[in-house]
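All heavy atoms count here, side chains included; hydrogens, waters and symmetry mates do not. In this chain, numbering begins with 1 at the start of the sequence shown.
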Amino acid sequence: MPRPFGFAFDQRPDGTVTITHQGRPAGTLRGARARKFLAEAESGDAQLVMARWTGAYRHGNERTARNHPRNRA
C-alpha cells in the first residue's frame, strides 16, 4: 500500500483547521477536534494523520472487493 501524499492543512486564527488534498478541500475541523488533530499531526507522520482524519486512505481490501462476483462487470 503506498504512503499517502498530497495533503496539506491550514490553521486559521480562530482555531479552525482546513485539510486539503491536492488543492481540494477534504475536511474542516473546529474546537477540540482541531486541537487534537494538530497535536497528532505534530507528533507523527502528518500525511498519514491527515489521510486518516479525512477518511481518504486505502483500507487494503479493494482488490478483494473488486474480485467479488457481485462487483464484476
Side-chain angles (χ1 to χ4, degrees):
M1 178 168 41
R3 305 284 300 163
F5 65 94
F7 287 96
F9 71 91
D10 180 38
Q11 184 179 5
R12 297 190 178 150
D14 65 351
T16 301
V17 175
T18 303
I19 302 172
T20 60
H21 184 244
Q22 297 181 350
R24 294 183 175 189
T28 302
L29 305 171
R30 295 177 180 90
R33 288 184 51 123
R35 289 188 296 274
K36 185 176 178 182
F37 166 78
L38 290 171
E40 195 172 327
E42 290 175 3
S43 67
D45 180 12
Q47 291 291 308
L48 187 59
V49 171
M50 287 184 273
R52 194 165 42 80
W53 275 75
T54 59
Y57 62 95
R58 300 193 75 119
H59 300 279
N61 62 351
E62 288 83 6
R63 182 172 296 153
T64 305
R66 183 176 57 215
N67 293 332
H68 192 274
R70 76 168 168 252
N71 295 331
R72 291 186 186 158

ask   = Side chain of Gln47, backbone of Gly6: donor and acceptor closer than 3.5 Å?
value = yes
ask   = When rounded to the nearest 0.5 angstrom, what distance separates OG1 in Thr18 from CZ in Arg12?
value = 3.5 Å
message = Could you measure the distance from the NZ atom of Lys36 to the CG atom of Leu29? Nearest 0.5 Å is fine.
response = 11.0 Å
query = Which residues satisfy the side-chain contact (heavy atoms from CB on, under 4.5 Å) test with Arg30, sequence neighbours excluded?
reply = Thr16, Thr28
ask   = If Ile, Leu, Val, Met, Phe, Trp and Tyr residues are connected whenever their side-chain heavy atoms lie under 4.5 Å apart, and connections chain through other members, are Phe7 and Leu38 in the same group?
value = yes
request  = Over all heavy atoms of both residues, which pair between Gly15 and Ala34 is shortest? Give the atoms and the distance, please.
outcome  = O-CB, 3.5 Å
note = Shortest non-hydrogen pair, Ala26 vs Thr54, comes out as CB-CG2, 3.8 Å
query = Quick one: ring pair (Phe, Tyr, Trp, His ring centres under 6.0 Å) partners of Phe37, sequence neighbours excluded?
reply = Phe9, Trp53
